[in-house]
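What you see below is based on every heavy atom in this structure, not just the backbone, and it leaves out hydrogens, waters and symmetry mates. Since this is a predicted model, take the numbers as computed values, not measurements.
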Amino acid sequence: MSVARTTFFLSMAFTTVALNAQQRARDNEPRIFGGLSIDIQVPSLGSYTTATASQLPWIGGTLDLGGSLTHRDRWGLAVQGTLALNGYLLWMDTVCFDIYHLTTRAEVGVGGRCR
């Protein structure tokens, strides 16, 4: 019975030491992240001169890509770029228009914390 207890105790001690060693923070942690979304958008018509104009939901989407660098869990820098495709479907008289336009956005963030 003492051999089983000793084996169990040693295995738990080594597991605890290994877990504590893995929780130590690295000096620099780079990350790459991205995102993709597909959505449905509905335009809002303002004033128009024709009597038969209407709008319908249509497909749009965004593509995000960025990266970040964290130094010793104290300060970090993040950069992200977004490309959005906005889609609109308009009916005017007897003609259907599917209109797309691209918009871009870039963000940079710097953050930190004091210990």
Thr103: side-chain contact (heavy atoms from CB on, under 4.5 Å) partners, not counting sequence neighbours
Ala84, Asn86, His101
Rounded to the nearest 0.5 angstrom, the CG-CZ distance for Asp27 and Arg72 is 4.5 Å
Which residues satisfy the side-chain contact (heavy atoms from CB on, under 4.5 Å) test with Glu107, sequence neighbours excluded?
Gln80, Arg105
Under a single-linkage rule joining Ile, Leu, Val, Met, Phe, Trp and Tyr whose side-chain heavy atoms are separated by less than 4.5 Å, which residues share a cluster with Leu36?
Leu63
Return the set of residues passing side-chain hydrogen bond (donor to acceptor under 3.5 Å, both in side chains) with Ser37 (not counting sequence neighbours), or none when no residue passes.
Thr62
Could I get the full list of side-chain contact (heavy atoms from CB on, under 4.5 Å) partners for Val110, not counting sequence neighbours?
Leu77
Remaining members of hydrophobic cluster (4.5 Å side-chain criterion), Trp75
none
Could you walk me through whether Asn28 and Thr70 pass the side chain to side chain contact (heavy atoms under 4.5 Å, CB included) test, one step at a time?
CA-CA 6 Å; Asn28 295 316; Thr70 304; over 6 Å; no
Please report the interatomic distance CZ(Phe33) to CG(Asp64), rounded to the nearest 0.5 Å.
8.5 Å
Considering residues at least two apart in sequence or located in another chain, which fulfil the side-chain hydrogen bond (donor to acceptor under 3.5 Å, both in side chains) criterion with Asp98?
none
Rounded to the nearest 0.5 Å, how far apart are CG of Leu90 and OH of Tyr88?
9.5 Å
Mind checking whether Val108 and Leu69 sit in one hydrophobic cluster, side chains of I, L, V, M, F, W, Y counted as touching below 4.5 Å?
no
What is the minimum heavy-atom distance between Leu89 and Cys96, and which atoms define it?
CD1-SG, 3.2 Å
For Ile40 and Pro57, the nearest pair of non-hydrogen atoms, with its separation, is CG2-CB, 3.3 Å
Value for CD1 (Ile59) from CG (Asp39), rounded to nearest 0.5 Å, stands at 9.5 Å
In chain order, what residues pass the side-chain contact (heavy atoms from CB on, under 4.5 Å) check against Leu85, with sequence neighbours excluded?
Tyr100, Leu102
Could you work out, with ring pair (Phe, Tyr, Trp, His ring centres under 6.0 Å) as the rule, every residue matching Trp91, not counting sequence neighbours?
none
